[in-house]
Amino acid sequence: MKTKLNNLPYLCLFILASFPLFIAAQEQPTYLVGGTFHIGNGEVVSDAHLLMMDGKILELSTRFDNQIKNAKIVDVKGKHIYPGIIALNNIMGLNEIDAVRATRDYYEVGAFNPNVRSAIAYNTDSKILPTALFNGIVYTQAVPQGGQISGSSSLFYTKGWNWEDAMVLEDDGVHLNYPDLSASNDAPDLANNAQKQVDALVLFLQEANQFCALAKPPVFNLRFEAMRKVFAGKTNLYVHVGSAKGMLSALALIKDKYPTIKLVFVGAEEAYQITSTLSLYRIPVVLTAIHRLPMYSHEAYDLPYQLASILLDSGIQVAIAQAGSWESRNIMFHAGTAVAYGMDKEKALSCITLQPAKILGIANRIGSLEIGKEATIVISEGDILDMKSSKISTVYIKGEQVEINDVQQALNKKYRQKFKLKE
Amino acid sequence: MRQCFLIIFFFWANLNFAQQTFPTNGPSNHQLQRFALAHATVWTDPEHVITDALLLIENGKLVYVGAFKNVPAGYTLIDQKGRVVYPAFIDLCSDYGVKWESKNSLRNTHGFYSAKRGAFHWNEAIRAEEKAAAYFSPDEKQKAAYLTAGFGITLSAIQDGICRGSSVLVNTGSSIPQEAILTEEATMNWSFNKGSSTVDYPNSAMGSVALIRQTFYDAKWIKTEQESNISLTSLAKNQYFPVLFEAENKWAVLRAAKIANEFAAKNWIIKGNGDEYQRSKELAAMGLPMVIPVNFPKPYDVEDPFDANRVSLADLMHWEYAPSNLASVNAAKIPFSITMKGCEDGQAFLKNIRLAVQQGLPVTAALKALTETPAKLIGAAAICGSIREGMPAYLIVCDKPIFEKEARVLVHWNGSHHIPVNFETDLPVTGVFELQSELPYQQIQLTQQGNKLTGKLIGADTLEMTVSREAGTYQLSWMPNKKAALHCTMRLAFVQQNNLLQASGLATWTEGRTLPVLLKHLEQPLAKELLKQDSVALIVPQIRFPFVEFGSTKMPESEEVIFKGATVWTNTSNGIIGNHDVHIKSGKIIAIGKNLTSATAKIIDAKGLHLTNGIIDEHSHLAIYRGVNECTQAITAEVRIGDVIQPEDINIYRQLAGGVIGAQLLHGSCNPVGGQSALVKLRWGQSAEEMKIKGADGFIKFALGENVKQSGGGPGLRYPQTRMGVEQIYMDAFNRALLYEAELKNNPTACRKDLELESLLEIIRKKRFISCHSYVQSEINMLMHVANQFGFKVNTFTHILEGYKVADKMKAHGVAASTFADWWAYKYEVMDAIPYNGAILNDMGVVTAINSDDAEMGRRLNQEAAKMIKYGNLSEEAAWKMVTLNPAKMLHIDHLTGSIESGKDADLVVWNNNPLSIYAKPLYTFVDGICYFSVASDLKLRAEVQQERNRIVQKMIALKQQGVKTQKQISIQDENYHCEDEN
């Protein structure tokens with residue numbers, strides 16, 4: 001038996017699974033019964049039931065009487081039920097092995113690339129995506145990197161046949177890396193460089209804006225054309241900026257000049273210094289790591305852990321993310337650490353579910369267990385934010401259960417069998 | 001008869017004095033060269049002063065030093081009344097006149113060996129053969145700065161490289177190199193900085209230390225003449241010269257002192273960088289003299305709050321405390337001399353030395369540090385550093401005591417030559433003069449301010465006069481009627497007659513009339529007026545341990561504590577026990593039980609809280625100074641992390657706040673054999689040496705795979721480039737180590753001490769233990785085979801992400817595993833890494849730990865351990881041991897720490913929650929019974945940090961607004977090294 005197993009490709013180990021490997025249309029209405037439902041909007045409903053039909057949430061109630069016929073009943077007593085987690089700002093699907101250039105698909109040549117789109121590069125067969133899904137991360141924002149304007153991101157399911165099939169929201173926004181203004185007199189080159197970058201950015205926005213003001217511009221320019229939805233406020237402009245000075249500068253040079261632009265700050269490590277400004281202009285913030293070191297030696301050791309709370313308490317919309325690719329599978333633990341240092345648990349959950357959905361502008365579709373939304377649901381044996389108990393048993397995408405085990409689980413099984421260890 | 005002989009000797013000596021090798025153009029011009037400096041106040045040395053002195057100088061030598069007496073005939077009398085004479089200052093850290101330039105900008109090569117051709121040291125950073133004297137020629141621009149500052153003598157050296165060759169002692173007054181040089185070779189100069197050398201090795205601070213140590217051993221060995229090596233021969237020849245070691249900060253000073261100690265060298269002089277006050281106790285204990293600069297920073301431009309944020313508290317404090325450094329050094333009884341190095345010019349030097357005096361450096365100590373001490377340190381006390389009969393006349397004449405405000409060096413005496421430095425009057429023309437003329441004014445008052453003379457014309461009204469000097473005469477100008485814009489002047493010649501200073505000349509008066517004028521001196525201006533000093537507040541440095549944010553103003557001490565009613569994670573057969581007390585005293589756990597009491601113990605109520613042993617990180621690159629990797633050779637077993645611990649890394653504090661108490665500080669993973677590790681406890685505030693765990697076994701980093709075969713880039717030249725080559729590197733290295741052992745046995749005296757092979761030999765002899773960076777199963781297997789062949793065991797595989805594939809072989813070999821919880825996909829060799837690895841290894845009975853390799857993850861290792869429950873279904877107890885007891889075992893310190901048992905070190909953490917929960921945070925962290933972190937003390941420190949920062953920032957803003965020059969400052973953040981880092 002042992003020999004036979006070893007000769008089998010390990011992928012075979014889970015092919016026997018009884019549910020679809022990829023997303024399919026929901027065939028049968030399903031009730032999740034019992035359990036603690038973490039809605040994603042800050043509320044918790046215990047001992048309730050949730051009805052999924054035609055891929056949507058049709059019912060969430062503590063009273064369970066008008067049962068639909070032919071519905072599947074799934075007992076989730078003692079379990080915790082969450083909306084599918086949304087991982088903003090990462091390169092899953094665009095990057096396979098950090099150190100191998102051939103597997104990197106996120107950094108185009110040139111300074112201004114708003115026209116390059118992650119939408120068509122997203123690799124649904126990446127080995128990294130299943131490791132995120134395994135932890136309950138169902139949505140991922142694939143974000144181009146580098147240059148002054150990196151490109152346009154899209155939101156995908158972490159499971160799909162191809163990028164079209166996996167697409168949740170196409171071209172949700174353009175990503176701009178704000179110049180580093182922290183240079184000093186000691187490094188005049190750096191200061192000059194920053195100034196040059198600011199000048200180039202101002203000029204680019206000016207020209208693009210003039211271009212987009214015309215319905216039919218007399219010249220052809222892909223880069224400018226790609227900014228049209230941004231100037232119209234139809235998609236986000238994600239400004240990747242860490243320093244408070246940089247954020248103020250971005251407000252002055254972008255928000256003030258082009259008030260229709262929907263700005264989102266990404267990174268924003270020094271946002272705590274300018275909370276009133278950020279809340280005044282209602283700028284949402286995507287924190288790219290809670291698990292990081294403080295920026296300065298004089299900052300409190302736990303400032304990074306508390307930053308989300310500080311911003312949230314100042315009325316700023318906050319999403320918690322983790323930049324990178326394979327690293328992103330831990331974002332629920334970033335949210336958990338924020339709880340350890342003062343944030344409300346359900347609010348922390350909201351920072352990886354409803355808040356990102358709101359920033360993306362699709363909170364009417366995803367992000368919480370609310371009626372009418374997509375039935376994309378994660379069931380955990382325990383508290384999903386705490387690694388000690390965060391064990392995902394089932395994931396539904398649009399009402400259909402999907403396989404979450406993959407190569408890593410297969411390898412585990414294979415070697416446990418080799419060494420005759422209990423599984 | 002004897003007397004007669006002496007007279008003849010002196011006669012000849014006098015005639016011989018002016019001999020020289022170079023020809024003169026035309027008849028010789030021998031001068032009398034006899035001078036009498038009269039009536040000055042003379043400091044013959046820091047302890048002795050003669051008022052109204054007479055100095056007789058004959059042919060450049062002092063022949064009389066004492067109270068004023070009648071001047072013998074034949075001496076040129078120079079009246080120095082009111083002036084102060086000192087021995088010329090001596091600067092031991094100078095590049096004055098040394099025109100040595102690296103030729104490497106032309107070569108632009110990098111490599112294993114020196115680009116310098118010839119039988120020199122293989123490493124170009126060792127330039128023992130160079131002599132600064134050979135490159136010396138007086139430099140007029142530099143000269144002005146040194147003379148202004150009072151430095152008549154400098155020890156000049158090449159400023160490039162680790163061994164910089166010999167320095168030359170010169171006088172700064174002379175313009176002729178042959179005359180200027182006093183001693184051709186005075187010291188051997190060293191630093192940790194390899195400078196312009198194009199040899200790759202060393203590219204880290206620890207590599208520099210290793211190269212220096214090996215070079216000193218080689219200089220001993222070269223005497224056996226097995227190799228011709230000009231550099232080493234020079235070093236061997238010059239070994240009796242003092243070593244002048246230039247260190248870049250306080251820790252580097254201690255690092256240098258440690259090397260001196262290894263070679264039992266007493267004649268080392270170490271140059272510091274002005275931060276000695278921060279660690280004066282340790283620096284005093286090293287017992288070596290220092291050379292200290294007065295390079296005080298300008299206030300920082302911190303008006304912009306965002307800019308202010310970028311300046312660290314250490315930099316802010318240093319700005320405030322730097323002027324009191326010398327006072328602290330003096331109080332700590334560290335023998336020291338002072339250098340001008342780092343000061344913009346001579347004026348800046350004098351300004352700063354006066355600041356130091358204002359901040360409590362006694363004048364006599366300052367003088368000693370500028371004269372007697374440097375002379376003695378380099379064995380030149382017979383020729384400079386004091387004013388004594390028989391010594392050459394190296395003197396400075398100042399217009400008032402040099403440490404007083406605006407005092408100036410007027411003249412340098414350089415043997416027989418006197419070199420005027422500042423605007424100088426032959427006579428002091430200041431004071432009040434009676435004016436005899438037809439002018440309607442009765443008095444003129446002349447005052448000196450700095451280099452400037454100003455005047456007042458006093459009569460019914462008082463007018464300001466400007467004063468200028470030309471060819472010994474003075475012109476005084478004034479405007480009798482500002483509205484009419486009339487200018488009047490008088491030109492005067494001052495002459496002393498019958499002890500009365502008078503001046504006569506002509507004045508141009510209104511309408512172009514000229515009038516004769518005569519000025520007669522009435523009095524000297526009041527001394528007090530001139531000596532008036534600005535009153536300056538004395539700043540007493542409040543030292544923090546360490547001298548950064550969240551350092552304590554006093555070193556925390558070991559406490560006696562009883563933790564009451566905690567859930568105790570014992571890591572013993574007792575398991576996790578609820579509601580227990582733990583008693584600690586004198587750094588140890590003394591009891592575990594219920595209802596423990598002690599009259600002397602502090603009680604910490606731990607009801608509902610969890611008490612554990614603190615976390616131990618098997619794989620950390622925390623607190624490492626200037627480079628985690630010595631990447632330049634395939635084997636660098638000679639380098640030691642222990643040489644470069646940076647005990648002020650803020651990340652130490654952050655780890656304590658994450659419940660970490662100890663770590664193995666590892667070399668990076670750049671080469672098959674990296675450097676030796678340091679096992680430390682996180683004793684925040686203690687020195688580098690005190691952080692080390694005493695008596696711990698020696699460990700060393702090995703590495704396999706993509707990093708060591710340089711897959712990440714680079715020229716692809718260094719062996720090995722394949723896993724096949726890695727094995728051969730080991731086979732070669734261990735065989736060489738065995739040959740070395742045999743040679744040591746057979747030929748102990750002639751055998752060259754080889755630091756690299758000694759370290760490798762220690763591995764074979766089981767005195768040093770391997771922590772090997774590893775990923776894929778093939779290489780893991782390989783190293784175990786290599787170890788078996790040489791009869792030792794690999795101690796630990798670290799990272800070991802494919803350990804789960806060969807867990808059975810690892811178990812059989814007896815090797816431990818220290819891994820990441822869930823890292824993968826960052827390179828090809830980790831594509832099969834799975835988060836179940838740790839659990840499989842553990843379940844197979846391999847001693848398994850979870851480590852960080854990262855200062856960020858290091859402070860959340862409890863969370864990483866908890867992932868073993870998520871992914872591997874491990875029990876809480878087993879998961880917890882992976883970050884405490886198991887790493888202690890693999891580091892051979894489990895007899896000290898890693899579990900809660902009587903007799904073990906009190907390395908304890910109180911958590912507010914189950915430590916494996918993400919919601920857990922440390923409330924107290926104790927190391928050796930000393931509370932280095934608590935939530936309460938942290939809040940207090942935060943307030944202090946904020947307050948201190950704000951206070952100093954406000955001070956700087958005020959200065960900027962007063963017009964004081966400021967500088968931009970971005971403080972350097974502590975490095976966060978990973979083993980992948982190139983350096």
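Chain letters run A, B, ... following the sequence lines, proteins first and then strands; every chain starts at 1. Note that these values count all heavy atoms, side chains included, but never hydrogens, waters or copies made by symmetry.
Proximity to chain B (any heavy atom under 4.5 Å) is restricted, for A:Leu248, to the side chain, taken from C-beta onward. Only the side chain of A:Lys345 comes within less than 4.5 Å of a heavy atom of chain B; its backbone N, CA, C and O stay farther away. Residue contact with chain A, scored on non-hydrogen atoms closer than 4.5 Å, is absent for B:Gln946. For chain B, the nearby part of A:Thr131 is the side chain; its heavy atoms alone come within less than 4.5 Å. Of the atoms belonging to B:Asn837, not a single heavy atom falls under 4.5 Å from chain A. Interface residue A:Leu421: only side-chain heavy atoms are found under 4.5 Å from chain B. For B:Ala807, the parts lying near chain A are the backbone and the side chain together; criterion is any non-hydrogen pair under 4.5 Å. Heavy atoms closer than 4.5 Å to chain B are found nowhere in A:Asn95, neither backbone nor side chain. Contact of B:Asp854 with chain A is not made at all, since no heavy-atom distance falls under 4.5 Å.
Between B:Phe933 and A:Tyr301, a ring centre-to-centre spacing shorter than 6.0 Å is recorded. B:His621 and B:His978 have their aromatic ring centers separated by at least 6.0 angstrom. Taking the centre of each ring, B:Tyr932 and B:Trp684 stay at or above the 6.0 Å mark.
Chain B forms more heavy-atom pairs under 4.5 Å with one residue of A:Ser297, A:Ser390, A:Pro304, A:Ala99 than with any other, namely A:Ser297. The candidate from A:Met295, A:Arg329, A:Gln273 with the greatest count of non-hydrogen atom pairs under 4.5 Å with chain B is A:Arg329. When each of B:Met831, B:Met844, B:Lys805 is checked for heavy-atom pairs under 4.5 Å with chain A, B:Lys805 comes out on top. Options B:Asn914, B:Asp301, B:Val830 differ in how many heavy-atom pairs under 4.5 Å they form with chain A, and the most are formed by B:Asn914. Contact tally against chain A (heavy-atom pairs below 4.5 Å) for B:Asp822, B:Val548, B:Ile650, B:Leu916: the top residue is B:Asp822. In terms of heavy-atom pairs under 4.5 angstrom with chain A, the leader among B:Ala866, B:Ala825, B:Ala839, B:Ser312 is B:Ala825. Of all the listed residues (B:Arg942, B:Met868, B:Arg859, B:Lys921), the one sharing the greatest number of non-hydrogen pairs under 4.5 Å with chain A is B:Arg859. Put simply, of B:Arg949, B:Lys827, B:Lys867, the one with the most heavy-atom pairs under 4.5 Å next to chain A is B:Arg949.
In this pair, B:Trp880 and B:Trp569 present their aromatic rings perpendicular. The plane angle is above 60°, beyond the 30 to 60° band. Ring geometry for A:Tyr415 against B:Tyr804 counts as perpendicular: the plane angle is over 60°, on a 0 to 90° scale with 30° as the lower cut. A tilted orientation is assigned to the rings of B:Tyr826 and A:Trp326, their planes being inclined by 30° to 60°.
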- Task: Could you go through the side-chain contact (heavy atoms from CB on, under 4.5 Å) check for B:Glu948 and B:Leu313 one step at a time?
- Result: CA-CA 8 Å; B:Glu948 269 298 276; B:Leu313 180 62; 3.8 Å; yes
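Salt bridge annotation for A:Lys127-A:Glu96: absent, with no cationic side-chain nitrogen under 4.0 angstrom from a carboxylate oxygen. The existence of a salt bridge linking B:Asp304 and A:Lys245 is confirmed by a sub-4.0 Å separation between a basic side-chain nitrogen and an acidic carboxylate oxygen.
The two residues A:Ile320 and A:Ala338 make their nearest non-hydrogen contact at CD1-CB, 4.5 Å.
Side chain to side chain, A:Glu269 and A:Tyr296 fail the donor-acceptor criterion of an N or O pair below 3.5 Å.
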